[in-house]
Amino acid sequence: MLEAFRKALEPINKNSANYNPKSLIDKICGFEFLIAPYTIAHLKISQSFKEEFHSALNDDESLKIALTNTLYSKNVSKEQEDQNTLFTLVGLTKEFKKAQKIKEEQILPIAEQVATKAYTKMRLK
């Protein structure tokens with residue numbers, strides 16, 4: 001996701017009036033199944049907004065990263081049933097609802113499996 005922000009902002013001069021990294025927040029979304037990478041993504045991208053893009057996020061601004069098990073399921077009741085054991089906390093239930101809302105929007109899925117990519121690089125050496 002961070003790379004998507006970088007690529008989108010790359011052609012725009014940082015001193016230009018058109019340079020507005022925060023305008024991309026609602027246009028770029030991510031989905032994560034595991035809580036650790038989900039948390040790290042929030043921290044790393046928030047930090048990049050502050051340090052790299054010079055546009056720190058305010059307390060009322062939030063990245064569109066959702067904790068969910070799949071990108072393609074739009075069936076709320078089926079997915080809720082599958083995740084009953086995972087989403088037992090109120091905060092996680094809110095994340096599930098946020099993910100479902102994002103899935104209902106028209107999106108262009110871009111997937112990258114970082115672990116697989118790293119493994120492939122190691123095997124090629």
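This chain uses plain numbering: 1 for the first residue, then up along the sequence.
Closest of all the heavy-atom pairs between Ser62 and Ile25 is O-CG2, 3.2 Å. The heavy-atom pair separating Met1 from Ile28 by the smallest distance is CE-O, 3.8 Å. Contact between Tyr38 and Leu67 at its shortest, heavy atoms only, is CE1-N, 3.7 Å.
Listed by chain and residue number, Glu61 satisfy the side-chain hydrogen bond (donor to acceptor under 3.5 Å, both in side chains) test with Lys22 (two or more places apart in sequence, or in another chain). Applying the side-chain contact (heavy atoms from CB on, under 4.5 Å) rule to Leu34 yields the partners Glu32, Pro37; only residues at least two apart in sequence or on another chain are considered. A search for ring-ring contact (aromatic ring centres under 6.0 Å, His included) contacts involving Phe53 returns Phe49, not counting sequence neighbours. Residues that satisfy the side-chain contact (heavy atoms from CB on, under 4.5 Å) test with Asp26, not counting sequence neighbours, are Lys64.
Following chains of ILVMFWY side-chain contacts shorter than 4.5 Å, one can reach Phe5 starting from Ile12, so the two form part of one hydrophobic cluster.
Note on residues 40-59: pairs passing salt bridge (Lys or Arg N to Asp or Glu O under 4.0 Å), not counting sequence neighbours, are Arg6-Glu52. Applying the side-chain hydrogen bond (donor to acceptor under 3.5 Å, both in side chains) test to pairs two or more places apart or on separate chains, none has a residue in residues 7-21.
Between the OG1 atom in Thr39 and the CD1 atom in Ile65 there is a gap of 9.5 Å [rounded to 0.5 Å]. To the nearest 0.5 Å, atoms CG (Leu43) and CG (Leu63) are separated by 10.0 Å.
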